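Have a look at the structure below before the remarks.
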Amino acid sequence: MTDPATTPGSAAQQNIDTSVPHSARIWNYWLGGKDNYPVDEGAGDAYSAAYPGIVTIARSSRAFLRRNITYLVTEAGIDQFLDIGTGLPTVDNTHEVAQRLDPRTRIVYVDHDPMVLAHARALLTSTAEGATAYVDADLSDPDRILTAAAETLDLTRPTALILSNILGHIADYEQARAIVTRLMDGLPSGSYLSINDGSRGTDADYEQAQDAYNETGAVPYFLRPVDQIAAFFEGLELLEPGVVSVPFWRPAPDSPAAEPIGEHGGLARKP
Ligand SMILES: C[S@@+](CC[C@H](N)C(=O)[O-])C[C@H]1O[C@@H](n2cnc3c(N)ncnc32)[C@H](O)[C@@H]1O
């Protein structure tokens, strides 16, 4: 099958800027994926040369997301997900984890990167009983996201909102807070909010590497103090163990002892 992202002259290809490193593609590179360009590989290597821990951060964050989804489907009975800032398809995308556990699960993915749009087909391989959809939209327009999501999800029923490594892209903290509040206002009682994001206060080397990266002209991503990440959950019932460094969020019983990393997350229920 022809891949629109790599077909010269295709609409998707024309919108993809291969001259500037992009968050989704660098992240894909660190996760071990192939959907990235030399400019992303170069930026990813430069970053990991300065701060090798970034690969652990990317992979631990993905593992946190898997454990959140597993809890939501198997223990909280959630069968609808709104995953904003999806990123490029990787191993264990949200719908794959969720539909393995409950094939009836419905998932809406949202991202604003044309390369993610070009690869969206790989995200839309739903089970027959469930559904997946992709919305090309910006997080700064939560009303449009909710309206578009309602075409696939029944937003009068509990839904899990996933914001994994995207809020750091919203530079203004108050704006980020307002977006999260607006999105959760659009979901009923019994819905959940899952957030994990890069944090300040745990690892000075990571902070230095990220600050330097933000100076390079790449799309910036801002690390936030843990109390600011925790405050995104205000008004919700935060599940144990609260907002913690992601390896410490309900680790699998057989997982090796972990060190705290500069990536914090939590899961909360809307009362
Ligand atoms: C670091 S990646 C995270 C991917 C995935 N959620 C994960 O945690 O593995 C950030 C993603 O957010 C997307 N993104 C950044 N800012 C956005 C915005 N304002 N609106 C929609 N998507 C955005 C990027 O295109 C990218 O795919």
Side-chain angles (χ1 to χ4, degrees), residues 5 12 15-17 20-33 35-37 40 43-44 47-48 54-69 81-98 107-120 122-123 134-146 148-149 160-173 175-176 178-180 182-183 193-199 206 210 213-214 218-224 229 246 249 261-265 267:
N15 286 330
I16 293 169
D17 185 350
V20 180
H22 268 244
S23 159
R25 301 186 319 232
I26 299 176
W27 197 250
N28 173 268
Y29 176 61
W30 286 331
L31 286 173
D35 297 316
N36 47 74
Y37 289 99
D40 309 305
Y47 194 120
S48 56
I54 191 64
V55 177
T56 303
I57 287 182
R59 294 180 185 183
S60 302
S61 144
R62 212 62 218 183
F64 164 87
L65 181 58
R66 268 197 303 273
R67 297 197 300 282
N68 269 224
I69 297 169
F81 287 83
L82 176 56
D83 179 345
I84 309 177
T86 312
L88 288 161
T90 178
V91 178
D92 277 349
N93 300 297
T94 296
H95 75 282
E96 291 165 332
V97 179
I107 295 98
V108 171
Y109 289 112
V110 180
D111 207 288
H112 72 168
D113 186 324
M115 178 120 173
V116 180
L117 171 65
H119 283 262
L123 291 165
Y134 182 85
V135 177
D136 180 21
D138 200 287
L139 179 62
S140 59
D141 193 352
D143 289 326
R144 178 164 130 60
I145 290 175
L146 287 168
L161 172 63
I162 309 280
L163 296 170
S164 175
N165 298 296
I166 183 173
L167 289 169
H169 283 297
I170 306 288
D172 185 282
Y173 180 63
Q175 186 194 359
I179 290 169
V180 174
R182 174 67 196 111
L183 287 167
L193 172 64
S194 166
I195 292 177
N196 70 118
D197 247 317
S199 57
Y206 178 34
Q210 189 61 34
Y213 169 86
N214 287 348
V219 179
Y221 177 88
F222 300 97
L223 306 180
R224 293 211 155 97
I229 297 176
V246 292
W249 196 90
I261 57 174
E263 173 83 17
H264 280 68
L267 178 65

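Note that ligands are numbered from 1 as they come in the structure, with each ligand's atoms numbered from 1 the same way. Source: prediction; values computed, not measured.
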Partner residues of A24 under the side chain to side chain contact (heavy atoms under 4.5 Å, CB included) criterion, sequence neighbours left out: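 Testing A24 for side chain to side chain contact (heavy atoms under 4.5 Å, CB included), a comparison that skips the adjacent residues, returns L88, D113, V116.
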Output the list of atoms in ligand 1 that are nearer than 4.0 Å to some heavy atom of [X], sorted by atom number.
X	value
R62	5 (C), 7 (C), 9 (O)
D113	25 (O)
T86	4 (C), 5 (C), 6 (N)

N-O pairing of D197 and R224 below 4.0 Å: no
What protein heavy atom sits nearest [atom], and how far off is it?
atom	result
atom 20 (N) of ligand 1	L139 N, 2.9 Å
atom 8 (O) of ligand 1	S164 OG, 2.6 Å
atom 19 (N) of ligand 1	D138 OD1, 3.0 Å
atom 12 (O) of ligand 1	G85 CA, 3.5 Å
atom 27 (O) of ligand 1	D111 OD2, 2.6 Å
atom 1 (C) of ligand 1	S23 OG, 3.3 Å
atom 16 (N) of ligand 1	H112 NE2, 3.3 Å

Donor + acceptor pair across side chains of T86, D111 (<3.5 Å): no
Nearest atoms (heavy-atom pairs only) where N93 meets R62: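 Between these two residues, the closest heavy atoms are CA-NH2, 3.7 Å.
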Taking every non-hydrogen atom, the tightest pair across N196 and S61: OD1-OG, 2.8 Å
is_close_aromatic(H95, Y109), centroid dist under 6.0 Å: yes
Aromatic contact, Y47 with Y213 (centres under 6.0 Å):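 They qualify: ring centres under 6.0 Å apart.
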Heteroatom distance test (N165, ligand 1): nitrogen or oxygen, under 3.5 angstrom: yes
Short N or O distance, W27 and ligand 1, threshold 3.5 Å exclusive: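 Right, the criterion is met.
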A137 to ligand 1, any heavy atom closer than 4.0 Å: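 It does; at least one heavy atom falls under 4.0 Å.
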Set of side-chain hydrogen bond (donor to acceptor under 3.5 Å, both in side chains) partners for S194, sequence neighbours left out: N68
Any V180 side-chain heavy atom under 4.5 Å of L193 side chain: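 Result yes, sub-4.5 Å side-chain heavy-atom pair found.
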